[in-house]
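Have a look at the structure below before the remarks.
Computation of the quantities below employed the complete heavy-atom set of this structure, encompassing side-chain atoms and omitting hydrogens, waters and symmetry-equivalent molecules. If you're wondering where the values come from, they're calculated on a predicted model, not measured in any experiment. Here is how names work: the chains are called A, B, and so on, in the same order as the sequence lines, proteins then strands, and each is numbered from 1.
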Amino acid sequence: IYRGDYIVNWCPVDQTAISDEEVQHEERESKLYWIRYPSPHGEVVVATTRPETMLGDTGVAVSPEDAAKRHLVGKTCTLPIIGRELPIVADAAVQKEFGSGFVKVTPAHDPVDYGIGKRHNLATVVVIDRTGKMTAQAGADFAGLDRFEARAKVIERLEHDGLVVKVEPHRHAVGKHDRCGTVIEPLLSTQWFVKMAPLAEPAVRAAETEAITFYPERWRNVYMSWMTNIRDWCISRQLWWGHRIPVWYCDDCDHLTVSRTDPTRCEGCGGAKIRQDEDVLDTWFSSWLWTFSPLGWPDEDAPDLKRYHPTSVLVTGSEIIFFWVARMIMASLEFMREVPFRHVFLTGIVRDGQGRKMSKSLGNSPDPLDIIDKWGTDAFRFTLSMLSPPGKDVFFDEAKLELGRNFGNKMWQASRLILGAVDKEGKPLFKENANGDFTSTLAFRPEYAWEDRWILSALSRCASDTNRCFEEWRLNEGAARVYDFFWHDFCDWYLELAKVRLYGEGDKRTVLAVMVHVLGESLKLMHPLMPYITEEIASALPTSNGRLLLEHAYPQGDGRALDAEAEGRMTVLRDVVTSVRNVRAAYRVNPGLKIPVRVRAHEPKASLVREATDGIVRLAGVATLEVGPDVAKEKGSAATPIGDLEVVIPLAGVVDVEAERARLTREREKVDAELSEVARKLANEGFVAKAKPEVVERERARRERLETELSKLVESLGLLGH
RNA sequence: GGGCGAAUAGCUCAGUUGGUAGAGCGUCUGCCUUACACGCAGAAGGUCACAGGUUCGAGCCCUGUUUCGCCCACCA
């Protein structure tokens, strides 16, 4: 840390120095003024965007490469208005192609000029003060004017004097203070700085060696480019609020006393006439210590520090990579000699409907407490999780919260169904089972039906998929995966199938045990995304044992539960049920009306369908289900092929021949199109020779299935007559 | 000036080893079916920005273009 006089970013409104990171650049249409500085040695015309600063010029510079102007180097010209003689120097900071090739040099008000002034021993003349007004040095006509008023007045005077050669439009970026929007004034002043290069070096290495990793990875490059182009950090602020700089100056000697406790005497000469620095530290200068300073540091043996440092993940927004993330890494490596965290996960930024970042000053941010009152904490949390792909900004729209609210409601309702059927001890709450056994489902060894094996298999897949998503930082996909499983697999299919046993005769213990188990595991999977509702429901489950979900291990997915056979059965049931529902909807069959259904199928598929009869009957509104290879398919029935089986629904008087022909024709066109696509692929020798065998095999199977379906459709159409 | 991201169904967006385009909302058709109308069932809707290239095969890989957005930057 050092103190010195340098050009800093100065905010004339807040009247403080700020760091480079607090300057927001904004492209603007501006003007480039070409101004003649009279000289007896030749034409000198400078080009500038800030004419008001010329009042503080102490030189003119040209490029050392600029042969046409070389003869002027070492000569002088006259500064208009003021009348000061200005030396003409050659400096590598000047580009000969830009503007006129002459640069006016104002060491007190421009960082580049400051460098030129240093190298050529030019004087510094301060013409703008800390409030952005012109000083006495700017001359009596300008002193006290605002810097922008002065600009206009300078040009006015120069035009009057015939010294403005031309004015051209010029697009360039101006720096603004990120807090108040005031145009930054580069100002020469005495400030404290941190020398950054030595701190950046290990921080660069930490990212290179992947001691710290970034998600999504591209942010690593952002971090790296900042780190490798780092500049010293101005940490003193002329503000009221903050950590006051712990340095005392002595009126009697030059010594600086630096102390953690307030001293009464100068450390150098022992004198009592000391006064503390008036300035405070940049707020980030304390924030960069955050990963260790709250844990007991600088006591390196503090238990919390030993236990919790370094931590695993920092979750934050990309907008503060420089302000905070990068600096925490540097501070930790410097003071703790280890990384502060191993992974940096950058979330997207939540923006308003117009894409603007939510901010207090814009007033475009809804009050989270209002949102939570209206929609619920979990709904808010879940919706944002599911709608936020890694590192991508989210356009927030309150209506989107319906997604989370509805899902929360779905969980609640499904739980009502289940908890209405089983008591706290796991005993069935209604309808005696066949043998009158009321023993708990908990200690019971269940005898799984195939649909139980299916949902357990699906649960296992969901858990392992979800884990993988989370491990790969794809939280949105993890959320979507659980959402889909719970709503569509568990609620739409399993619970509906479960009602066959739940509301029917017979032993209910197996189905209750499975429902409770799958609900409980789903709650665990959902818990990080919907902590409140899941704990609430879980506490009522017979399996809770008074423990919080928070205390349980996260489900990993039990590979032993995977059951391809049961999944195959489910596919058949789904296909049959869907095709029946399809026909019912197409012919507006009264939803309350149970209809006869026949399924044409050969063994072993026929048995599969027979064994799923109860489910098909309940889910598709079926009166009677006939299954076999030769079930009748007469005129006046609707027939839908599903691979090698066919769902036939006799609907005498309901099926309109023309409508059915249209339906089947449309279906045939679809199958035809798909079939020719597959045929084209398989006819391609390159495909058969070079594609992976399993891909080719899949296409062949697909062709076979489509051909079967097509022949059935043709048969059905023939049955309808022409 | 440099870098990064985006462009997919009417809307908001998913889609990581290149192999039959998905969700939510909205729309249309039926349903208040004893967990849920914040719901159930069914349906329609897409030359995946444009132009080339690689490949048997491209939303996905490569090159270029256009349009948006963000970050960085001392050409005055």
Heavy atoms from C-beta onward define the side chain here; which of [options] lies closest to that of [X]?
X	options	result
A:Phe687	B:U16, B:C56, B:C13	B:C56
A:Asn476	B:A14, B:C38, B:A76	B:A14
A:Pro591	B:C70, B:A43, B:G30	B:G30
A:Phe322	B:C71, B:C74, B:A35	B:C71
A:Lys400	B:C40, B:C75, B:U12	B:U12
A:Leu417	B:C40, B:G42, B:A35	B:A35

Pi-cation contact, A:Phe102 with A:Lys69 (under 6.0 Å, within 45°):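 The answer is yes; both the distance and angle limits are met.
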Does NZ or CZ of A:Arg581 come closer than 6.0 Å to the centre of the six-membered ring of A:Trp493, within 45° of the ring's axis?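 So A:Arg581 does make the cation-pi contact.
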Quick one: does A:Glu496 reach the base of B:A35 with a side-chain donor-acceptor pair under 3.5 Å?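 Checked by distance alone, the answer is yes.
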Is a donor-acceptor contact shorter than 3.5 angstrom present between the side chain of A:Lys499 and the base of B:A35?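 Pair found.
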Distance only, no hydrogens: is a donor on one side chain within 3.5 Å (strictly under) of an acceptor on the other, for A:Trp233 and A:Glu21?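 On atom types as modelled, these side chains do not qualify, holding no pair under 3.5 Å.
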Judged by modelled atom types alone, do A:Ser63 and A:Glu65 share a side-chain donor-acceptor pair under 3.5 Å?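 Checked: A:Ser63/A:Glu65 side chains show no N/O donor-acceptor pair below 3.5 Å.
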Separation of the P atoms in B:C4 and B:C11, to the nearest angstrom: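 Those two atoms are separated by 30 Å.
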Looking only at atom P, what distance separates B:C72 and B:A14, rounded to whole Å?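 These two P atoms come out 23 Å apart once rounded.
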Where along residues 98-109 of chain A does a heavy atom come under 4.0 Å from RNA chain B, residue by residue in number order?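 Residues of residues 98-109 of chain A under 4.0 Å from RNA chain B: A:Phe98, A:Val103.
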According to the salt bridge (Lys or Arg N to Asp or Glu O under 4.0 Å) rule, which pairs have a member within residues 102-112 of chain A, sequence neighbours left out?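 Salt bridge (Lys or Arg N to Asp or Glu O under 4.0 Å) check on residues 102-112 of chain A returns A:Asp57-A:Lys104.
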Whether A:Arg705 and A:Glu709 form a salt bridge (side-chain N of Lys/Arg under 4.0 Å from carboxylate O of Asp/Glu) is what I want to check.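 Looking at A:Glu709 and A:Arg705, the cut-off is met.
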Is it true that A:Glu496 and A:Lys499 have a side-chain N and a carboxylate O under 4.0 angstrom from each other?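 Answer for the salt bridge query: yes.
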Does OP1 or OP2 of B:A41 have a side-chain N or O of A:Asn582 closer than 4.0 Å?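 It does not, given that no N or O in the side chain of A:Asn582 lies less than 4.0 Å from OP1 or OP2 of B:A41.
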Within the pair A:Arg231 and B:C74, is there a side-chain N or O less than 4.0 Å away from OP1 or OP2?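 It does, given that an N or O in the side chain of A:Arg231 lies less than 4.0 Å from OP1 or OP2 of B:C74.
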Paired stems touching RNA chain B, three or more consecutive Watson-Crick or G-U pairs with both distances under 3.5 Å?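 The stems that RNA chain B takes part in, listed by first number, are B:1-7 with B:66-72, B:10-13 with B:22-25, B:27-31 with B:39-43, B:49-53 with B:61-65.
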Is A:Glu402 touching bases, backbone alone, or none of the nucleic acid, heavy atoms closer than 4.0 Å?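 No contact.
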